Amino acid sequence: MRQTIAPFQISIGPRTIGDAYPVRARFDRAETPAELLLPGGVLDLAARLGQAGGAAPLGDPAALGRALGRALFTPAIRDLLLRAAKDAAQAGARLQLQLQISPTELAALPWEWVTVGVTRAWSPALRDDYALVRVGRGPRPAAPTPLAGPLCILAIGAANEALQLSALETALDDAARAGRVELRVLRDPAPAAIERALMDGPVHILHCAAPVALTERGAPRLLLRREGEPLDLSGLLADARGLRLVTLAGPQGDASSIGVAAPTLATTLLSAELPATIAFCGALPARLSARFAAACYGQLAAGLPVDLAVTAGRRALVEDGAGRGWGMAQLRLLPGGEQLFAFRAPPRRAPARLPRSLILAGAGAALVGAVLLGARAIGVGAPPLSPAQAQSGLGAGQATPPLQAGDPAMVLPSGLPPALLDTPTAVPSATPAQPVAPGDIPAPTGYATYLTQPDDTLDGIASRMGSEPAAIATLNMLDPRAPLRADRPLVIPVYQPGEAGAGGLVIRRGNPAERKVALTFDIEIDDVTLYGILDVLRARGLRGTFFVTGRWVQAFPDAARAIVRDGHEIGNHSLTHPFFSRIGLNGAAAELEQSERIIKETTGVTARPFFRFPYGDYTADTAALVAREGYVAYHWSADDSAIPGWLDWAAQHPSEANGGILLMHGRHGTIEAMPGWLDRLAALGLQPATLGETLR
């Protein structure tokens with residue numbers, strides 16, 4: 001049962017006579033007047049924030065918090081606060097400190113840092129029992145949005161904020177794989193693309209990784225595109241349905257300055273349908289911004305009110321960032337709008353490694369039904385087919401030929417004992433792995449994914465998962481004589497029922513112990529830039545991994561063959577480069593299968609085991625589908641626009657750069673920049689390599 005909120009309101013009015021601002025603190029029916037006298041240094045900071053540009057150095061945030069706390073929490077207000085805390089505790093409620101700040105020069109100050117006490121500092125913005133929010137004036141908030149599924153987050157980023165979006169994806173990866181959140185990412189999007197994404201929905205949270213600037217008239221505008229008009233976000237969101245929270249994360253930075261642009265925009269966005277906004281009043285490093293978002297959104301997905309979720313995000317910064325920037329996050333809220341979402345059932349917390357379905361060869365829907373009925377008859381309690389499994393396209397009683405390589409696998413729910421699966425299958429004998437040619441691998445009945453454990457061997461994995469060691473080695477381009485490193489992602493060709501795999505994997509880093517960086521390229525436009533990339537790599541004796549679309553291979557077959565001829569790896573990048581979260585599981589399966597067929601027929605090699613989601617857009621269901629189709633999905637550490645910043649970061653964090661995955665596109669600017677990037681990698685002692693080499 002959620003605690004009732006007991007509001008403790010602190011209102012600061014405009015200054016009339018003298019240097020003091022009038023303050024009123026209210027709780028229940030009690031009210032205490034006071035005066036706010038701010039030190040000269042704080043007033044100077046407020047004045048600088050009120051000037052054109054609205055930004056100023058932060059200085060010492062701890063000292064600023066103490067100065068704000070001493071001025072705001074006068075003895076009279078402290079007495080009322082203590083009485084309020086006692087009354088709230090007796091009533092089983094929790095206090096919520098609600099700030100209403102009328103003077104614009106004071107609203108710009110970072111009150112979230114307010115701290116009382118020196119020997120035992122008390123910071124209400126870090127406490128659940130004194131959650132601190134800025135309360136806006138507006139209509140009564142709409143009722144919480146009912147949810148039965150994951151929390152859907154749309155993240156948009158400016159052209160030079162790719163590193164921030166990648167950090168957000170990494171931070172939310174566990175929650176996405178567990179089905180608690182669903183993240184879609186738009187990089188450098190046009191307004192029309194954002195509008196389509198909001199309309200296609202559902203979108204419950206909009207996360208904006210982009211700077212906000214003030215126009216000459218003081219109107220806040222989001223700066224997304226390198227060339228284009230600043231975005232009027234309030235106008236764009238006017239028709240967004242289901243959106244309950246907007247986070248203005250701003251650009252990445254070093255948390256050394258604060259500004260008013262993003263908080264000003266956050267204030268203008270509040271409405272009955274959008275009762276809460278979060279704005280960073282300063283630029284945080286990408287990792288810390290993502291850390292805050294992961295903690296905050298994770299709590300929202302667990303059903304907590306937004307003020308406690310933001311408090312959890314601030315505490316995460318205290319723990320992870322040595323306290324840097326924890327007070328940057330400002331929550332603006334309409335009174336009574338704390339509960340943004342009402343989950344029909346508690347969000348399901350899946351284990352880190354979900355049980356995966358067993359795969360059958362030559363099984364039709366009639367056999368699926370018979371096995372399920374038999375399982376229930378003996379008390380196994382197998383669950384019904386999920387909607388994703390029901391989209392296999394086979395009608396009841398429809399016979400199917402034996403599955404061939406590349407055919408979609410027929411899947412049963414997990415949990416059925418192998419004894420029930422009495423389907424005869426040709427099983428290769430378990431012999432020590434020997435190198436084999438790709439054409440000599442027996443056609444599997446399906447695929448699974450696996451993350452290696454310490455002391456794993458190919459023979460052991462094959463025995464447990466119903467596979468064959470030589471087939472695993474060949475498909476994953478392994479030396480069968482070399483030991484396997486832990487946490488190495490593999491695609492397992494399956495020939496008979498065995499242990500469940502790891503499910504949908506989205507990998508963002510290679511081997512963290514090796515000084516290698518993967519050169520990966522997404523190719524879907526023309527062939528001229530492709531040949532330019534090949535020339536740069538050939539001149540330096542380097543090889544990379546090329547993710548190609550089926551349509552591109554059809555249009556430029558000679559260029560596709562040139563990739564393979566030069567010794568590069570090739571991966572599947574879909575058929576038509578769509579947003580996978582929008583095309584359904586049948587559409588996603590068709591994109592994978594048709595692209596694989598075209599690539600193999602044109603180049604003579606398979607794209608397995610490498611896949612990359614177009615736009616980095618995926619859901620837990622599409623990631624699981626990719627795994628069943630025989631791929632591991634690979635994300636990236638930085639793309640073209642973010643690579644210079646990533647190289648600077650790598651120079652400061654050498655060990656953390658190991659195993660990085662760089663994404664480049666077929667663009668003339670990329671070709672021109674590649675030699676310089678490669679020189680910097682060499683200077684940093686990082687060896688450019690293929691994705692397969694970086695994973696070993």
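A quick note: this is a predicted structure, and the numbers were derived from the prediction, not measured.
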In chain order, what residues pass the salt bridge (Lys or Arg N to Asp or Glu O under 4.0 Å) check against [X], with sequence neighbours excluded?
X      : answer
Arg485 : none
Asp617 : none
Asp526 : none

Could you tell me if the side chain of [Y] sits less than 4.5 Å from the side chain of [X], heavy atoms only?
X      : Y      : result
Tyr450 : Pro489 : no
Leu231 : Leu223 : no
Phe292 : Val310 : yes
Val491 : Asn476 : yes

Got a sec, which residues hit ring pair (Phe, Tyr, Trp, His ring centres under 6.0 Å) with Phe556, two or more places apart in sequence or on another chain?
Trp552

Taking the basic N atoms (NZ, or NE/NH1/NH2) and the acidic carboxylate oxygens, is any pair closer than 4.0 Å for Asp535 and Arg540?
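Between Arg540 and Asp535 there is no salt bridge, as every charged N stays at least 4.0 Å from the carboxylate O atoms.
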
Contacts satisfying salt bridge (Lys or Arg N to Asp or Glu O under 4.0 Å) that involve residues 510-521 (not counting sequence neighbours) are none

Kindly state whether the ring of Tyr618 and the ring of Phe613 have centres lying under 6.0 angstrom apart.
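Yes, the ring centres sit under 6.0 Å apart.
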
Stepwise side chain to side chain donor-acceptor pair (under 3.5 Å) check, Thr247 with Tyr297
CA-CA 11 Å; Thr247 299; Tyr297 300 160; 2.9 Å; yes

Could you check Leu678, Leu663, Leu691, Thr690 and say which one makes a side chain to side chain contact (heavy atoms under 4.5 Å, CB included) with Leu519?
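Exactly one pass, corresponding to Leu678.
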
With sequence neighbours left out, write down each residue that passes side-chain hydrogen bond (donor to acceptor under 3.5 Å, both in side chains) with Arg612, or none if nothing qualifies.
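Here the qualifying residues are Thr520, Asp522.
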
